[in-house]
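Note on naming: letters A, B, ... go to the chains in the order of the sequence lines (proteins, then strands), and numbering restarts at 1 for each one. Since the model is a prediction, treat every value here as computed from it, not as a measurement.
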Amino acid sequence: MSNIIYNFRAVEHKWIESFNNYSLSNEEIIANPSKKYYVLEMLPYPSGKLHMGHIRNYTIGDVVARIKRMQGYNVIHPMGWDAFGMPAENAAIQSGIHPETSTNKNIEDMKKQLQRLGYMYDWKREVSTCSKEYYFEEQKLFLEFYKKGLVYRKQSYVNWDPVDNTVLANEQVINGRGWRSGAIVERKLLNQWSMNITSYAERLLEGLNDLRGNWPDNVIKMQENWIGKSEGALINFEIVENNILKNIHSIQVYSTRPDTIFGMSFLAISIDHEISKQLSNNNNKVQKFIEQCKKSGTTEAVLEKSEKLGYFTGLYIKHPIITEKKIPIYIANFVLIDYGTGAVFGCPAHDERDYEFATKYNLPITSVIQSDNNTLPYTGDGILVNSDFLNGKTIQEAKSCIISKLEELGIGKKQTTCRLRDWLISRQRYWGCPIPIVHCKQCGEVPANLPVELPSDIDFKDLIGNPLDKHPTWKYTKCPKCRCDALRDTDTLDTFFESSWYFLRYLDNQCKDPINKEVTNISLPVDTYIGGVEHAVLHLLYSRFFMLVLHDLGYSKHSMPFKKLLTQGMVCHKLYKNSDNQYVFPDDVEKLEDGTLVDNNGKTVTEYPSEKMSKSKKNIVKPQEIMDEYGVDALRLFILSDTPPEKDLDWNTAALEGSWRFLNRIWKVFNQVLEHIKDEKNKHSNNTLYKTTNVYLQKIEENYNSISLNKAIALSRELFNHIEDNINTASKSSLKFAFETFIKVFYPITPFICAEIWEILGNKKCIGDEKWPKFDKDLIRDENVTIAIQVNGKLRKTMELPKDASKEVAEKKAIELLNVLNKDKIQKIIVIQNKVVNIVM
RNA sequence: GCGGAUGUGGUGAAAUGGUAGACACGCAAGGUUUAGGACCUUGUGAUGAGAGUCGUGUGGGUUCAAGUCCCACCAUCCGCACCA
């Protein structure tokens, strides 16, 4: 019997096709609205190669999909491709291969890899965002947004690479330099398309409340911080008469601390502020100062180290309350033009940044909040001092008091501001959805006639700048309104635009409108969404925003896209470097007898702690090689076994082998079980295994429902151990029930081996079509329990009692068992039914 | 700086305030065979001959009882950051 070995290759080969043929029609969804269950995993960028991170993500989703299916739901489980984007375009510039060609090839390759894993995807719903079927529909959405004023074009500052002559996305700026050219990135004011997400800030913030409990707290918090709502005051400061500024008589300032207005000692404006611009026009020194500030860059890394710089303009404002007091105006490098009003008032005693600035430029520092010790700056709570009518008030009181006063004077008001900025959606890139707008000299911006197709005849070799703009003919067109010569917009959409609504397109990828309302109304929200935490803000915020907009435009009755969110952890691996400080593949590391590590050239290797698997650091394990060697089920089992889905997972080849061995053990025990249940002579009547199975079934189901897959697996293995231990004593029926139950609950984790076993057991239906086993509540209830006996809270002994035994019985038995001699010493006995007896002495 | 998390054996990890370390990996001893990617049995937090004692980052607290609740601190990781 022991020579029966589980042949994973044959079994995978046998079942793969049926696994890949899963499909659910929209008719079925519509016929049974209450039964729908939408499981979604974040769609991959088609790099061509599946990595362990993908596999972890999709395996978790697959387990959920399979369980829900067995639990009787109509499971919507689609997959697609986030196929536009820069990598394919950059590759094209290097290789000359057209992005469309390489992308479609990569999709084909990756799809094969996904299918090998047997994921239960409904491939009929597949969507590729670079296909015409997708981006033509997206253009319709864009124009609807445009007509509603949600999309607009305006001047904004962007990251500009002066060597490559192109705009870079934030993620392409590394330490202030362009990732390809290495040039220092500049800030440049360009005409760019934006989407009005800030007008939805309040609703996006409110929407987070409905997600609490279902989304990870850190993601909710990150979105909250990103939106960054703050309450304060908008104040208008009158500028002291001068003959330098034209048509400007006041400066508007936003402050969250209007209560500190009596401690104000300077006012600082951004280098991009209108006043700065006017001043620089007729003053060389101002011009030079601004130049100097611009050079230092705008990335956080640079800003953090850079010194506060200020330039005194020679101008003053009047203090709004102490009217005789004049406050100097500085141009300062630390004031951002795109937050608040681009101008701040400085109260050095109660703000670290203002304090640093005031110290440097010898500005007065007046404390207006009383603190326990006298160290400044003091930013804590306190009582107002040196502040006229605010004296004695708390900060909160002072805030509302000063705001009323400012309102009374007609120079200020209460104001909430958000950190969130409008979403810049245009890119000077080729491989994206063309923005369907025509620019006409007569009519201005005009919606283009749809669809606007990407031209395919682009020569990528040595291409610099925007390919659509450089194209010889593409942009020349006629104005749809007046038929005059006009130019197409040559920008394409940010790829986050595509990923903000792909999960709706899955619901009807053939629809002649962007969205099939009927199916969408039934199918949303996505019940379980699984993906990496790196999208906590961007994609997950944009999608929530899109859903609100689409709801407002009547596309869907839902305004929330994803009900439950699971952010799975990264897949990590130890790092190896040799004596030449080069990274070494883990596979090439060998351990010598004396314990030293060497690479395949014999060089000494040092081991470093685990980090996220990354090609450049070579700490990767290739899924394909693992599947070839151990099979899909072993890989799935390992990846789900030991670590909760939301935590980082450390790759461990030994543990993977353990998973592989466990599958062989299942196979071996299966063959033994088969003998026993076939055996007519099996006369055992021991049914405890039946009871045990019910107990485990309940616990396993609980853990599956909360996607605690590691625990569900641990419990399943316990059940399996019980089966193995009782194989020779259990009755035929209880053994059969126990083993079949185990196979059913383990099927979502390792579908191939379980499908095969299920079939050999004589079941006609494929295991995936079977019903999830039900546990017998009565059986679970009627049991003995082990009760702890403690003295002063410390464990002394345990005892078996019937479940729900009375206090008195438990007390008596505990005292008996402990053999307490001096019963007078007992002060108190605490009995917690079915759990513990604690004797206090 | 702000915000969020996390700290439990050699390792990954379990524990509705009620038997800490389930389930695995690794390791050790023994067994076994058609010598395999084996398999089986036993052991495996520390300490002690032993009954026992100690033990969940550190220090306090609440409680009959704390890994779990409260307070303070330390360490690590992640996110945001000149945000007015």
Nearest whole Å is fine: how far is B:C23 P from A:Arg661 CZ?
17 Å
Among B:G37, B:U53, B:G3, which nucleotide sits nearest the side chain of A:Asn225?
B:G3
Respond yes when some side-chain nitrogen or oxygen of A:Tyr254 is under 4.0 Å from OP1 or OP2 of B:A84, and no when none is.
no
Just how far, in rounded Å, is P of B:C2 from CE of A:Met222?
19 Å
If I pick the C1' atom on B:C39 and the same atom on B:C69, what distance separates them, to the nearest angstrom?
48 Å
Looking at A:Asn721, does any N or O in its side chain come under 4.0 Å of the phosphate oxygens OP1/OP2 on B:A24?
yes
Indicate, yes or no, whether a donor-acceptor pair under 3.5 Å links the base of B:G3 to the side chain of A:Glu224.
no
Measure from CG on A:Leu795 to P on B:C54 and round the result to the nearest Å.
13 Å
Nucleotide nearest A:Thr256 (side chain, heavy atoms from C-beta), chosen from B:A84, B:C23, B:G37:
B:A84
Separation of the C1' atoms in B:A5 and B:G57, to the nearest angstrom:
15 Å
According to a strict under-4.0 Å criterion, is A:Arg796 in side-chain N/O contact with OP1 or OP2 of B:G18?
no
Step by step, work out the side chain to side chain contact (heavy atoms under 4.5 Å, CB included) result for A:Arg56 and A:Thr643.
CA-CA 11 Å; A:Arg56 190 173 191 204; A:Thr643 307; 3.9 Å; yes
Of the listed B:G26, B:A84, B:G37, the closest approach to the A:Ser230 side chain comes from B:A84
Protein-nucleotides 66-73 of chain B N/O pairs closer than 3.5 Å?
none

Establish, yes or no, whether a centroid distance under 6.0 Å links the rings of A:Phe237 and A:His319.
no
I'd like the C1' distance from B:C40 over to B:U33, given in whole Å.
11 Å
Touch class at under 4.0 angstrom, heavy-atom based, for A:Thr417 against every strand present
nothing
Report the base-pairing partner of B:U8 (Watson-Crick or G-U wobble, both distances below 3.5 angstrom), or none.
none
Roughly how far, to the nearest 0.5 Å, is the CD1 atom of A:Ile261 from the NZ atom of A:Lys399?
13.5 Å
Determine, for A:Arg421 against A:Asp338, whether the closest basic-nitrogen to carboxylate-oxygen distance falls under 4.0 angstrom.
yes
Under 3.5 Å, is there any donor-acceptor pair linking the side chain of A:Lys308 to the base of B:C82?
yes
Do the ring centers of A:Phe638 and A:Trp651 come within less than 6.0 Å of each other?
yes
note: A:Gln790, atom CD; B:G18, atom P; distance rounded to Å ~ 11 Å
What is the separation between atom CG on A:Leu663 and atom C1' on B:A24, rounded to the nearest whole Å?
14 Å
Centre-to-centre under 6.0 Å for A:Phe345 and A:Phe266, is that the case here?
no
Nucleotides 4-14 of chain B: protein proximity per nucleotide (B base, S sugar-phosphate only, - neither; heavy atom, under 4.0 Å):
S-------BSS
Whole-angstrom distance between B:A14 and B:A22, as gauged at atom P:
13 Å
Tell me: CD of A:Glu352 to P of B:C83, nearest whole Å?
10 Å
Could you tell me whether A:Lys229 and A:Glu224 make a salt bridge, using a distance below 4.0 angstrom between a side-chain N and a carboxylate O?
no
Any side-chain N or O of A:Arg353 under 4.0 Å from OP1/OP2 of B:C83?
yes
Between B:G18, B:G26, B:A20, which one does the side chain of A:Ile830 approach most closely?
B:G18
Candidate nucleotides B:C40, B:U19, B:C23, ranked by approach to the side chain of A:Arg665 - the nearest:
B:C40
From B:A84, B:G26, B:C23, nucleotide with atom closest to A:Val344 side chain
B:A84
From B:C64, B:A84, B:C83, pick the nucleotide closest to the side chain of A:Arg419?
B:C83
A:Tyr330 ring center near A:Tyr361 ring center (under 6.0 Å)
yes
Length of the CG-C1' vector between A:Leu709 and B:A24, whole Å
16 Å
